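Encoded as structure tokens, the structure appears first; notes follow it.
Only a predicted model underlies this, so the values are computations on that prediction, with no experimental measurement involved. Chain letters run A, B, ... following the sequence lines, proteins first and then strands; every chain starts at 1.
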2 protein chains.
Amino acid sequence: MNALPLSMEPTRLPDGFIESLRGVFGERLHLGEAMRSQHGSSEAHFDTILPDAVVFALSTEDVVAAVKLCGAAGVPIIAYGAGTSIEGNTTPVNGGLTIDLSLMDQIVRVNAEDFDVTVQAGVRREQLNEHLRDVGLFFPIDPGANATIGGMASTRASGTNAVRYGTMREAVLSLRVVTPDGRDIRTARRARKSAAGYDLTRLFVGSEGTLGIITEITLRLHGIPESILSAVCSFETLSGAVDTTVQAIQLGVPLARVEILDDVQMRAVNAWSKLDYPEKTTLFFEFHGSERYVQEQVETVSALASDNGGGAFQWSSLPEERARLWKARHEAYYAAIGLRKGCVGWPTDVCVPISRLAECITETKKDLEAASIPGPILGHVGDGNFHVVFVIDPNRPEEAAEAEALNRRLVQRALDMDGTCTGEHGIGLGKQDWLVAELGDAVDIMRTMKRAMDPQNLFNPGKIFSL
Amino acid sequence: MNALPLSMEPTRLPDGFIESLRGVFGERLHLGEAMRSQHGSSEAHFDTILPDAVVFALSTEDVVAAVKLCGAAGVPIIAYGAGTSIEGNTTPVNGGLTIDLSLMDQIVRVNAEDFDVTVQAGVRREQLNEHLRDVGLFFPIDPGANATIGGMASTRASGTNAVRYGTMREAVLSLRVVTPDGRDIRTARRARKSAAGYDLTRLFVGSEGTLGIITEITLRLHGIPESILSAVCSFETLSGAVDTTVQAIQLGVPLARVEILDDVQMRAVNAWSKLDYPEKTTLFFEFHGSERYVQEQVETVSALASDNGGGAFQWSSLPEERARLWKARHEAYYAAIGLRKGCVGWPTDVCVPISRLAECITETKKDLEAASIPGPILGHVGDGNFHVVFVIDPNRPEEAAEAEALNRRLVQRALDMDGTCTGEHGIGLGKQDWLVAELGDAVDIMRTMKRAMDPQNLFNPGKIFSL
């Protein structure tokens, strides 16, 4: 279904490679088709391509051993967390070894006074927040899926809190990484800031496993606010919802979350999560702060909403109601796919300067209204980032082609507005041509770095760019 | 005075190189000793080493031309802004061409609705803020000196607002860079976030001109808050001041600025800026927000200060009083040097996790009390970052040796606390051994990137690490 020429030929593993792997990983080495298939599939519309073998790592030392074996044998190595990425980021296009880090799920150390935590790469974001709750801290980055922290770092993930708390770019303080030459390095100390040489932390964040394998992550945390208030507000027009957000930001309101869902997405969410919100363009808000300050933020934003054609705010400060609201939001991707039985999601991901957001969404909406496939819109409106999820029948190639054509128009529109082809999903397999359209010669600089760091091109080969 | 083996031998410029340069730069090429000496000196204790020639660039095209000529002739090239860096970051240790970007001082475009601005590398931070004032925006990063934005990006500078607004790492949205192979690239679009490939923006921020020359910078801006309030508070003990800060952060108070100055630094500031603050450990605060919210922050923090042995707060909301306060703070480095006539500054720069800050400063203070040279302390206490400025007689090598020994103890102490050898000044010439002590094998990864990007080692050679 994917337009890229993907090899389905199994790699010819060199003699003795599997035996050497078994010597290190024992029963944590898997060669069976079911396990390989699970590690070769994706949550989106990409073809399944099987790795030749799968190992489960328990430690950084395991990763070093696998990297050295792969390096000596010339076998590709692909890091795998929860498998929730949606640009084909973990698809082993040239086969090779998939190294699953999901069993590396230890929370190594919480430094509550310093607002940081060190975790193994396989820790999942929900697990981390459950662990932190008792010390009054939280980790804000929340892609829809319950992804691993290692995977989130690798794709520079963000989510609903980025408008206030930033993305993985800001959240990662330091990384432990196994580099292609088998070294086990730490990219930074635990100080909040540093001017000590090249920013290796930010180099590995977003590099999608092509420069090394992240095994531990030190993250910045935030105090759970004294008061948290959620709100839902429907709007008569899309621009009314966007303008409310932009004006609130311009007034300095520190919105913790502000999510836009269009009428189609609201219908999907109501059906999937058994809710009964009006099926109109809707903003989901969250406000954080002291009680007085939250009240002040709410007064400001509800006045702006009212000026922009918004309806009454439906408030909630009860934890279980808020949890229900945000669970519905986080499941929006699955809700979208649920619109059509037996279909798959074809998610898009552009981000534009917020001054252009209303125009970008409005023009996109016009395209969608003329399309034959459903395409709900949802987005992190405070960042200028939004998604269309095309819901396509995998047995009808014309639907994939239509989604592809609609996506082309969408991404070109975002680039024309000085935006990016991906706000948070990464390049993977799906956005490689667009990366070049977006950054031109700068992609050659990325290639230079890749060749220098991974001269054999064994680390998640075929991702981000062709070499 | 510097311990590194610095060559004073002039580079042998190849035949015709100067003539080619003159063809491009005309009267903006300088070979006279005064101009070369100005560009070879530093604001700190490093030896002056002269470049062979200086050119003033007016455009990115000029920079491309100079880079190509230097590349073809094998001549080192060193970018220069305001010359205010303090780790010898612009000293042309192997001679070569210094390219001065200070005439590239155009503010290219303000996008007020998107809270961003694009500037040429030679724009200075004060100039930028004067320009922005009318549109209600400001750029928060403020090292003591009135540095250029290009220089600030190159050293990953920060300053007094970093606790709230981050450092140049967070402030830079995108860069225009001339790479060693003479390409003119842009590292990112103007979207607030992106997952499009390697984070080249963050790679160049902090690379001190060793990977390319930054010619334009797109920066994130912030709205000038409705209400700004400054305060000064003296403390009986150093730990009382630090604890007040840490507790305020733990309570979620979004301190815009919180600076610590010890008794020695307060004496220097009073003398230099003709003020009459108590000469005790002091915090300088600034609070930003709505009027109500600022009031709430102030109530919280003054109660904490009082619990921790702080005196009464001296408030000010008047712009001219605030300006006087922060001017005194920004001139603290010069005030420190002013403690002894004819002396130079030997500034240090460590940053530790905030849980260790009180201990780190207290132990350092003990060293200083036993020292023969003055060493005032000032710091960005909310970040865990502080400086000692040793004030030494350049004609007494034993003073430099004493400063060096004290600095060694200080940096080792910071590293033992999982801190960094430089919070914001960069590595330059002064911290190279410490970079290796801090990051070990990771420095080899930096070298790999440097060799790949600049195989001739012409871009600010000898900085950050030896090759």
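Your options are A:R292, A:M168, A:E113, and the one with the most heavy-atom pairs under 4.5 Å with chain B is A:R292. When each of A:E226, A:K463, A:R192 is scored by its heavy-atom pairs under 4.5 Å with chain B, the top score falls to A:R192. Interface summary for chain B: among A:A452, A:C351, A:P353, A:G206, the most heavy-atom pairs under 4.5 angstrom belong to A:P353. Ranked by heavy-atom pairs under 4.5 Å with chain B, the first of A:H222, A:E438, A:E424, A:H380 is A:E438. The greatest number of non-hydrogen atom pairs below 4.5 Å with chain B, out of A:T187, A:N111, A:D444, A:V205, is found for A:D444. Between chain B and the options A:G212, A:G252, A:G197, heavy-atom pairs under 4.5 Å are most frequent for A:G197.
With a 4.5 angstrom heavy-atom cutoff, A:I464 touches chain B only via side-chain atoms. Within the 4.5 angstrom heavy-atom criterion, atoms from both the backbone and the side chain of B:D418 approach chain A. Neither the backbone nor the side chain of A:A414 comes within contact range of chain B; no heavy atoms are under 4.5 Å apart. Looking at A:L173, neither its backbone nor its side chain comes within 4.5 Å of chain B, counting heavy atoms on both sides. Using a 4.5 Å cut-off between heavy atoms, A:H288 does not touch chain B at all. Within the 4.5 angstrom heavy-atom criterion, only side-chain atoms of A:T167, from C-beta onward, approach chain B. Looking at B:L435, the atoms closer than 4.5 Å to chain A (heavy atoms on both sides) all sit in the side chain, from C-beta outward. Heavy-atom distances place no part of A:R451 under 4.5 Å from chain B, backbone and side chain included. B:L415 touches chain A through backbone and side chain together, each having a heavy atom under 4.5 Å away. Residue contact with chain A, scored on non-hydrogen atoms closer than 4.5 Å, involves the backbone and the side chain of B:K450 alike.
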Next item on the list: Apply side-chain contact (heavy atoms from CB on, under 4.5 Å) to A:E170 and B:R169, showing your working.
Entry: CA-CA 9 Å; A:E170 287 78 29; B:R169 184 174 72 194; over 6 Å; no
Notebook entry, point to check: Please walk me through it: do B:K193 and A:D383 pass salt bridge (Lys or Arg N to Asp or Glu O under 4.0 Å)?
Noted result: CA-CA 7 Å; B:K193 66 182 196 187; A:D383 304 324; 3.0 Å; yes
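Residues B:L203 and A:M449 form a side-chain contact, since some pair of their non-hydrogen atoms from C-beta on lies under 4.5 Å apart. A 4.5 Å side-chain heavy-atom check between B:M446 and A:L200 finds at least one atom pair inside the cut-off. Side-chain contact check for A:R189 versus B:M417: every heavy-atom pair is 4.5 Å or farther apart.
Shown here for B:M453 and A:I445, the closest heavy-atom pair between the two residues is SD-CG2, 3.5 Å. Of all non-hydrogen atoms in B:A196 and A:R156, the two that sit nearest each other are N-NH1, 3.8 Å. Between A:T420 and B:S194, the closest heavy-atom pair is OG1-OG, 2.9 Å. Minimum heavy-atom separation, A:A191 to B:G419: CB-CA, 4.3 Å. Across all their heavy atoms, B:R183 and A:D441 have their closest contact at CD-OD2, 2.9 Å. Residues B:Y198 and A:T210 share a closest heavy-atom pair of OH-OG1, 2.7 Å.
Atoms CD and CD, on B:E296 and A:E296 in that order, are 8.5 Å from each other to the nearest 0.5 Å.
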